[in-house]
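Notes follow once the structure below has been shown.
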Amino acid sequence: MTDKKETFVADTELEKKAQAMLEEKEADSRMRTYTGFMGKAIAVLLCIWTVFQLYYTTIGSISAINLRAFHCIFLLVFTFLLFPAYKKEKRVRILPPVWDILCIVLSVGTFGYLIMNYTRIAAMGGRVDQFELGIAAVALFLVFEAARRASGNLMFLALIFLAYNWFGAYLPGLLGHNGFTLKRVLITQFWGTQGVLGTGIGVSATYIFLFVVFGAFLKHSGFSDFINNFSLTLVGQTSGGPAKVAVVASALLGMINGSAIANVATTGTITIPLMKRTGYKKEFAGAVEAVASTGGQFCPPIMGAVGFVMAEFLGIGYTAVMLAAFVPAFLYYLGLLFSVHFEAKRLGLTGLSKENIPDAMKVLKEQGHLVIPLVTLIGLMLAGYTPLYSAVVSIFATIIASWFRKETRMGLDKILAATIEGARSAISVGVCCVVIGVIIGTVTLSSIGLNMGYLILSIVDNNNIYLTGLFVMIMSTILGMGVPGVAAYVIVQAVAVPVLIDAGTLPITAHLFCLIYACLSNITPPVAMSAYVAAGIAGSDQTKTGIWAVRLGLIGFIIPFFFLDNPVLLVGVDKAASIAQSGWTIFTASLGTIALVAALEGWVLKNASVMERVLLAVACPLLLHAGTMTDAIGFACFAVVVVYQFMNRKGSVAV
């Protein structure tokens with residue numbers, strides 16, 4: 001009884017610690033709480049917002065600019081209502097502060113004025129008077145203030161881009177421009193369709209909002225519990241079982257919620273202590289959770305909603321994006337699974353005992369129906385329906401599926417809770433998308449994206465695509481630091497993707513290349529947000545955990561360079577590749593991934609010598625590269641190590 005009480009206290013303390021870390025790194029967790037009438041009024045407004053979005057993104061009729069403007073109004077109003085002006089502000093309130101009430105009134109007024117007058121101004125060729133320029137200036141100020149509260153670092157990046165409209169005139173060479181007047185900047189950023197009402201907010205008002213709400217409904221239906229239990233039945237009893245459970249569960253949940261940091265804070269409170277109790281070092285345990293949660297943002301079939309946005313930008317079907325992303329995501333998680341497996345073997349760790357593993361048939365019988373919404377989503381998209389229509393139908397399918405069993409049934413209270421939570425969760429990423437409009441508007445107005453591409457290509461001799469890729473990798477990682485997956489992708493597709501396309505890369509290859517590195521910024525020091533939150537939960541050193549995370553996710557940093565100019569690794573992209581050739585390439589790439597992990601961990605069937613590790617390290621790039629000769633040499637190096645260890649094993653060696 002005492003042990004159970006101590007465990008409960010420890011778990012409670014860990015959850016508090018995780019929440020504190022989450023509040024430090026993610027603004028979503030710092031929202032205000034209102035008591036009395038105000039709390040109920042906000043809940044009602046959140047429900048109204050959700051209904052509005054569901055209606056007008058499916059069967060309702062509204063112009064794109066008006067939908068985006070209304071979406072901005074909702075985002076700004078809720079940001080000023082819910083996000084504190086400073087971190088130490090009192091969180092529990094009866095009414096919002098006077099300053100925030102003023103900001104709310106101005107938000108409704110400025111964007112409301114745009115809704116009522118945009119058609120007239122567009123018909124006049126974008127001519128505006130001084131009053132309307134003032135409206136634009138106030139609106140931009142409100143956007144930056146909202147972004148300061150909800151996104152932090154991204155606001156400063158957007159501010160640098162905004163300032164570039166003026167100080168860029170003083171920069172030499174390709175990075176400079178002739179300068180722009182305040183009037184032209186304000187028209188572009190507010191009254192045009194390339195600024196705050198451009199691509200970024202368009203993505204938020206459609207794909208992001210619907211899929212965030214869909215994720216909230218899945219969570220409240222019990223889908224998260226099903227994923228955890230099902231993961232336990234799959235890998236819980238194998239060597240290092242808890243770490244493998246963390247990998248599988250975090251991958252599945254991460255691809256739905258699209259927030260690596262939030263995923264670490266929620267699943268990490270369960271998986272990280274389990275890994276530590278099993279015998280893994282605390283830095284390793286934290287890194288495993290961080291890497292697993294981060295990969296979900298580019299893991300099909302949902303990819304944290306990024307895949308749908310990418311399909312829209314590329315003008316192709318979502319199925320093509322999903323297939324192309326399959327192999328990089330598969331190799332990423334294959335490498336992580338073998339890392340935890342080899343580490344467990346090296347340390348002599350076992351899996352969870354049988355009594356701690358739920359019965360597989362029982363799990364499927366009691367919770368298996370909860371997978372119906374995902375099947376519905378994928379089935380509808382494969383049948384040719386739009387992602388938006390598929391997402392809305394899947395939300396209703398989640399409610400219906402939950403009714404199949406009494407234990408999972410979503411009543412009115414759970415439906416309302418999911419609706420409110422989904423809308424609340426969409427606020428911060430939505431504000432990120434609004435302020436990203438400032439970045440995209442500046443890129444469009446100043447042509448800095450094209451100029452950056454010309455600058456990089458002028459530095460790189462003979463248009464070396466790998467050296468170009470290195471520059472773009474660095475750019476994508478920096479632009480993605482501390483930004484949610486979808487928002488990070490929207491930035492890099494505007495700034496970094498054109499550079500690769502100019503260098504001769506296929507568009508879908510360039511988009512996936514930049515997306516992966518933007519996502520991996522979550523585990524890349526010095527701003528490895530996911531790794532640092534995981535370190536807080538694990539009680540480990542942040543720097544060491546970040547370094548371990550890079551090591552565990554190293555294959556993710558390597559793979560994009562191998563499909564950069566040879567897209568045979570991307571299913572369906574290389575039209576000349578046969579099914580047999582694609583299958584063989586995936587097989588050899590898998591061996592190359594295992595070889596890299598084995599070289600880093602120093603284990604295959606037993607401890608590997610220095611020479612064996614060198615052979616494995618040599619085999620990795622040879623097997624990842626699609627070529628007959630390189631495959632043969634790489635396979636030979638890998639086989640030599642495996643055969644030698646098998647022949648020289650002492651006693652029984654478990655793989």
State which residues pass salt bridge (charged side-chain N to carboxylate O under 4.0 Å, His left out) with R127; sequence neighbours excluded, sorted by chain then number. none
The criterion is ring-ring contact (aromatic ring centres under 6.0 Å, His included); which residues satisfy it with [X], sequence neighbours excluded?
X: F180; result: H177
X: F131; result: Y113
X: F513; result: Y517, F561

Would you list the pairs meeting side-chain hydrogen bond (donor to acceptor under 3.5 Å, both in side chains) in which at least one residue belongs to [range], sequence neighbours left out?
range: residues 158-169; answer: N165-T442
range: residues 57-84; answer: Q53-H71, S63-N66, H71-S204
range: residues 483-497; answer: Y489-H511

Check: residues 387-394 side-chain donor-acceptor pairs under 3.5 Å, at least two apart:
| unit_1 | atom_1 | unit_2 | atom_2 | d |
| --- | --- | --- | --- | --- |
| S390 | OG | T386 | O | 2.8 |
| S394 | OG | L377 | N | 3.3 |
| S394 | OG | S390 | O | 2.7 |

For [X], give me all partners under side chain to side chain donor-acceptor pair (under 3.5 Å), at least two apart in sequence or on another chain.
X: N117; result: R120
X: E145; result: R148, R149
X: Y56; result: none
X: T509; result: none

Pair F308 + F313: ring centers closer than 6.0 Å: no
